[in-house]
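One structure is given below, encoded as structure tokens.
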Amino acid sequence: MLEIREVTKKYGRKHVLDRINFQIMRGEVVGLIGENGAGKSTLLQILATLMSPTSGQVLLYQQPYHKHIKQVRKKIGYVPQDIALWEQLSVKDNMVFFEKLSWVNRTEQQLKQICTDMQLNQWKEKVKNLSGGMKRKLNLAISLIHEPELLLLDEPTVGIDLKSRVEINAYLKELSKQKGTIIIYTSHDMSEIKELCDRALIIGDDPFYHDILNQ
């Protein structure tokens, strides 16, 4: 279980996040929605241990982040909005490279299977030749090398074709179901949130999102 207790993030006098509280259970897929600037990406970065809250506490399976930062990081996968890949290398070489930076050892066949499961079959193709959808799949595949218990996705399907989006979302559903992965997903597409997520959490005070969520 992931627990967020009274998490606040301030820059000077500006509150980006103000006393956020929620719990997410093992195997849940939860969407984060809210207007631009509401703090969705900031919250994901806090949950990914890339920044610390001004106050409040985050616990993953009862381990407080601030006391068990090294152990917690090994359980987290994070996919930011920006694609971070070696364009001149192949899919295979990217997976092998990031496996060497991982906390676990994976065989080449295991790495290939992750890609195959996501219907990313261009194993020997250079990344620069891939479509946007295939690059997004590879970005996601890299985050799964160490089999994270918490997967954080910041608009992972933005700007890609419908087929790739459907395939990515189908894979995520299966991942949460089969491995119990906690998945937190941000998107501006409410139809995608409703299709993929078990529930949605609203960040910010804009009543528009409360209204659209109830439609």
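- You'll find the side chain of Ile114 stays beyond 4.5 Å of the side chain of Leu120, heavy atoms only.
- To the nearest 0.5 Å, atom CZ of residue Phe22 and atom CD1 of residue Ile184 are 5.0 Å apart.
- Interatomic distance, CG of Leu43 versus CD1 of Ile4, reported as 6.5 Å (0.5 Å rounding).
- Hydrophobic clustering (ILVMFWY, side-chain heavy atoms < 4.5 Å, transitive): Leu85 and Phe97 are in one cluster.
- Distance alone, capped at 3.5 Å, places no donor-acceptor pair between the Tyr78 side chain and the Gln45 backbone.
- Taking CE of Met95 as the start and OG of Ser90 as the end, the distance is 11.0 Å to the nearest 0.5 Å.
- Residues Ser41 and Gln81 share a closest heavy-atom pair of OG-NE2, 3.7 Å.
- Side chains of Val29 and Cys197 form a contact here, defined as non-hydrogen atoms less than 4.5 Å apart.
- The two residues Leu47 and Leu2 have their closest heavy-atom pair at CD1-CD2, 4.2 Å.
- Residues Cys115 and Val91 approach most closely at SG-CG1, 4.0 Å, considering heavy atoms.
- Follow the hydrophobic side-chain contacts under 4.5 Å out from Val127 and you reach Val96 in the same cluster.
- In this structure, the separation between CD on Glu6 and OG on Ser55 is 8.0 Å, given to the nearest 0.5 Å.
- The list of salt bridge (charged side-chain N to carboxylate O under 4.0 Å, His left out) pairs with a residue in residues 119-131, not counting sequence neighbours, is empty.
- Both Leu138 and Trp86 belong to a single network of hydrophobic side chains, linked directly or stepwise wherever heavy atoms of I, L, V, M, F, W or Y lie under 4.5 Å apart.
- The side-chain heavy atoms of Ile160 and Ile168, taken from C-beta on, include a pair separated by under 4.5 Å.
- Residue pairs meeting the salt bridge (charged side-chain N to carboxylate O under 4.0 Å, His left out) criterion with at least one partner in residues 66-87, sequence neighbours excluded, are Glu87-Lys135.
- Annotation: side-chain hydrogen bond (donor to acceptor under 3.5 Å, both in side chains) contacts involving residues 165-177, sequence neighbours excluded, comprise Lys137-Glu167, Lys163-Glu167, Arg165-Asp189, Asn169-Tyr185, Asn169-Glu192, Lys173-Glu195, Glu174-Gln178.
- Of the inter-residue distances, the one linking Leu111 atom CG with Ile142 atom CD1 reads 10.0 Å to the nearest 0.5 angstrom.
- Neither Val166 nor Val158 shares a network with the other; the hydrophobic side chains, linked directly or stepwise wherever heavy atoms of I, L, V, M, F, W or Y lie under 4.5 Å apart, form separate groups for each.
- Listed by first and then second residue, the salt bridge (charged side-chain N to carboxylate O under 4.0 Å, His left out) pairs involving residues 9-27 amount to none (not counting sequence neighbours).
- Atoms CD and OG1, from Glu99 and Thr107 in turn, are 8.5 Å apart once rounded to the nearest 0.5 Å.
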Legend entry - Test side-chain contact (heavy atoms from CB on, under 4.5 Å) applied to Leu17 and Ile46, step by step: CA-CA 11 Å; Leu17 299 169; Ile46 289 172; 3.9 Å; yes
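- Applying the 6.0 Å contact sphere to CE of Met25 captures no more than 12 heavy atoms from other residues, nucleotides or ligands.
- For the pair Leu32 and Leu44, the minimum side-chain heavy-atom distance is below 4.5 Å.
- Judged as a ring pair (Phe, Tyr, Trp, His ring centres under 6.0 Å), the pairs with a partner in residues 144-163 (not counting sequence neighbours) are, in order, Trp103-His146.
- By the 4.5 Å heavy-atom criterion applied to side chains, Ile24 and Ile183 are not counted as neighbours.
- Residue Met1 is not grouped with residue Leu150 when hydrophobic side chains (ILVMFWY) are merged at heavy-atom distances under 4.5 angstrom, including chains of intermediate members.
- Counting heavy atoms from C-beta on, the side chains of Leu140 and Leu153 come closer than 4.5 Å.
- With respect to the salt-bridge test (charged N to carboxylate O, under 4.0 angstrom), the residues Glu28 and Arg199 qualify.
- Minimum interatomic distance between Gly34 and His188 (heavy atoms only, all atoms of both residues): O-NE2, 4.2 Å.
- Residues Thr116 and Gln113 meet the side-chain proximity criterion, which asks for heavy atoms closer than 4.5 Å.
- The minimum heavy-atom distance between Val104 and Ile145, with the atom names listed, is CG2-O, 3.7 Å.
- Within the structure, salt bridge (charged side-chain N to carboxylate O under 4.0 Å, His left out) contacts touching residues 104-122 (residues at least two apart or in different chains) are Lys92-Glu108, Arg106-Glu147.
- Residues Leu151 and Ser143 share a closest heavy-atom pair of CD1-OG, 3.6 Å.
- At a threshold of 4.5 Å between non-hydrogen side-chain atoms, the residues Leu60 and Tyr65 count as touching.
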